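Only a predicted model underlies this, so the values are computations on that prediction, with no experimental measurement involved.
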Amino acid sequence: MEEKQRTYEIRTGCDRGLCRAAVGRQDRQLNTYDWLADVPGNAETTDLVEVQFKHTRKGYYHNVNNLPLKKGDIVAVEASPGHDIGVVTLTGRLVNLQIKKANIKSADDIKRIYRLARQVDMDKYREAKAREHETMIESREIAKKLGLDMKIGDVEYQGDGQKAIFYYIADERVDFRQLIKDLASAFHVRIEMKQIGARQEAGRIGGTGPCGRELCCATWMKNFVSVNTGSARYQDISLNPQKLAGMCAKLKCCLNYEVDNYMEAGKKLPNRETVLQTLDADYYYFKADILAGLVTYSTDKRIAVNLETITAERAKEIIEMNKHGKKPEDLQPDEEKMKRQQENQPVDLLAGDDIHRFDKAKKKKKKKAQKQKNEKKDESAKE
């Protein structure tokens, strides 16, 4: 293992920080997969570097001092006022693409990297971070006393402790001029107020979704697309607010993930309003398995009666027959078609096996062992 590690360090020049996992998962939210990490000369193509701070805040900086930066290095960067401390999350060509994605057009928004963080910088940084939770609790009390209809969800101190960002949620516009004065006098730092939505707050706090995985907004999702109940309707999902809502109490972002597939598959299904006529009865649309292409019909409009499940192709065949004034005997296809479908289906090799076959073998072994014990007892009794 040690030889492999040395070989890796020689090949990639990566021997410190979190850069050993340049292409893997990092202990930071919104980690970018650096698929150019092993390309020779990738880091020298540009002096731009992506730096991440607390939770989901990222910034882009010029490496003006030509520092040999690697992914995972802790650096001191330019801020106004003073400096901030962050972690390098990306270097090389991909940073240019990230800047385009972030829609940064002004060169003034890109500041400089001063140096790799020293021990003095880290001591100040830890001291500032230790004050964040206490500051958040106290700032909520100040806002409550002023009667402001807002919630301060998080506080982030700058690395040198000269500035604090207060993230808040509010349904309506808030006049927080007096709040800023009170916060500045209470904490003796420069105050910046930043409004975020419920989805952004969930991304900052993090958590586990009903799927059992980390929240998308806390791991990889950076831009939020509007979600409406139409996405649930296309997928035939029950419009239950409790099931459709995520940790942020808004509609789940994942409702949009498979909508396109469902819409494409839904085009192959017959119209819901179309009634299928047979010699026996009329059948009304009841439900559908969209991805499987199966439609269930009922002889009653409102309740499930004499349910019949057929393929979308079979339903369209019957609709065409009805248009020409013909009615089939039944919704199900003819026996010959059924035989062909069964022949084309894969054979289940275990279908004919007895589920208790293993139990029978155990019983035989027990009987044999019991028989041997009885024979031994009879031999000992004779002696």
Side-chain angles (χ1 to χ4, degrees), residues 5 8-80 83-118 121-122 125 129 156 158-159 165 167 194 196 199-200 203-204 206 213-225 253:
Q5 187 63 44
Y8 179 82
E9 290 173 4
I10 292 168
R11 183 165 57 85
T12 62
C14 186
D15 57 351
R16 67 174 185 273
L18 297 173
C19 63
R20 295 168 189 249
V23 189
R25 176 65 195 271
Q26 189 181 324
D27 68 336
R28 293 266 157 184
Q29 292 177 351
L30 304 181
N31 180 44
T32 304
Y33 184 92
D34 192 357
W35 50 277
L36 295 175
D38 295 336
V39 176
N42 174 51
E44 286 76 25
T45 56
T46 178
D47 69 338
L48 290 169
V49 178
E50 182 186 77
V51 179
Q52 186 164 334
F53 304 95
K54 184 178 179 182
H55 296 311
T56 58
R57 186 167 70 92
K58 281 185 176 183
Y60 299 92
Y61 299 87
H62 284 294
N63 184 9
V64 292
N65 297 321
N66 295 321
L67 300 171
L69 297 177
K70 305 290 183 182
K71 185 174 182 178
D73 285 341
I74 302 173
V75 291
V77 300
E78 182 183 0
S80 54
H83 69 271
D84 205 350
I85 302 294
V87 177
V88 175
T89 51
L90 202 61
T91 58
R93 300 176 193 173
L94 290 186
V95 182
N96 291 324
L97 298 177
Q98 290 291 93
I99 288 175
K100 288 181 181 178
K101 191 176 177 182
N103 200 24
I104 297 175
K105 297 179 181 179
S106 175
D108 297 334
D109 295 336
I110 304 176
K111 296 182 172 63
R112 298 173 296 162
I113 293 178
Y114 287 142
R115 59 185 178 274
L116 287 167
R118 302 168 185 163
D121 298 327
M122 293 307 298
Y125 172 78
K129 292 297 169 185
E156 180 183 358
Q158 196 170 275
I165 303 173
Y167 296 92
K194 190 171 284 189
I196 58 174
R199 287 194 170 100
Q200 285 85 351
R204 295 187 65 82
R213 303 186 67 178
E214 291 181 78
L215 298 179
C216 297
C217 54
T219 49
W220 61 270
M221 185 179 286
K222 192 172 183 180
N223 299 320
F224 296 95
V225 181
C253 296

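The shortest side-chain heavy-atom distance between M221 and R199 does not fall under the 4.5 Å cut-off. Between N65 and I113 there is no side-chain heavy-atom pair separated by less than 4.5 Å. Annotation: side chain of R93 is in contact with side chain of N42 (closest heavy-atom distance under 4.5 Å). Within the 4.5 Å cutoff, the side chain of I165 has no heavy atoms near those of the K54 side chain. Within the 4.5 Å cutoff, the side chain of D84 has heavy atoms near those of the R57 side chain.
Interatomic distance, Q158 CD to I85 CD1, rounded to the nearest 0.5 Å: 9.5 Å. We find the NZ-OH distance between K58 and Y60 to be 5.5 Å, quoted to the nearest 0.5 Å. The CG atom of L36 sits 4.5 Å away from the CG atom of L94 when rounded to the nearest 0.5 Å. Between atom CG of residue L67 and atom CZ of residue R115 there is a gap of 10.5 Å, rounded to the nearest 0.5 Å. Here the NZ atom belonging to K70 is positioned 7.5 Å from the OG1 atom belonging to T91, to the nearest 0.5 angstrom. Note: R204 CZ to L215 CG = 14.5 Å, rounded to the nearest 0.5 Å.
Between E78 and Y61, the closest heavy-atom pair is O-CE2, 3.7 Å. Nearest heavy-atom pair across G59 and F53 is N-CE1, 4.1 Å.
Looking only at atom types and distance, the side chain of E156 has a donor-acceptor partner in the side chain of Y167 under 3.5 Å away.
For the side chain to side chain contact (heavy atoms under 4.5 Å, CB included) with H83, the qualifying choice from V77, D121, V75 is D121, the only one to do so.
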For this session: Show your working on side-chain contact (heavy atoms from CB on, under 4.5 Å) between V49 and V95 and close with a plain yes or no.
Result: CA-CA 6 Å; V49 178; V95 182; 5.7 Å; no
Exercise. Can you list the steps and then say if L69 with L116 is a side-chain contact (heavy atoms from CB on, under 4.5 Å)?
Worked result: CA-CA 8 Å; L69 297 177; L116 287 167; 3.8 Å; yes
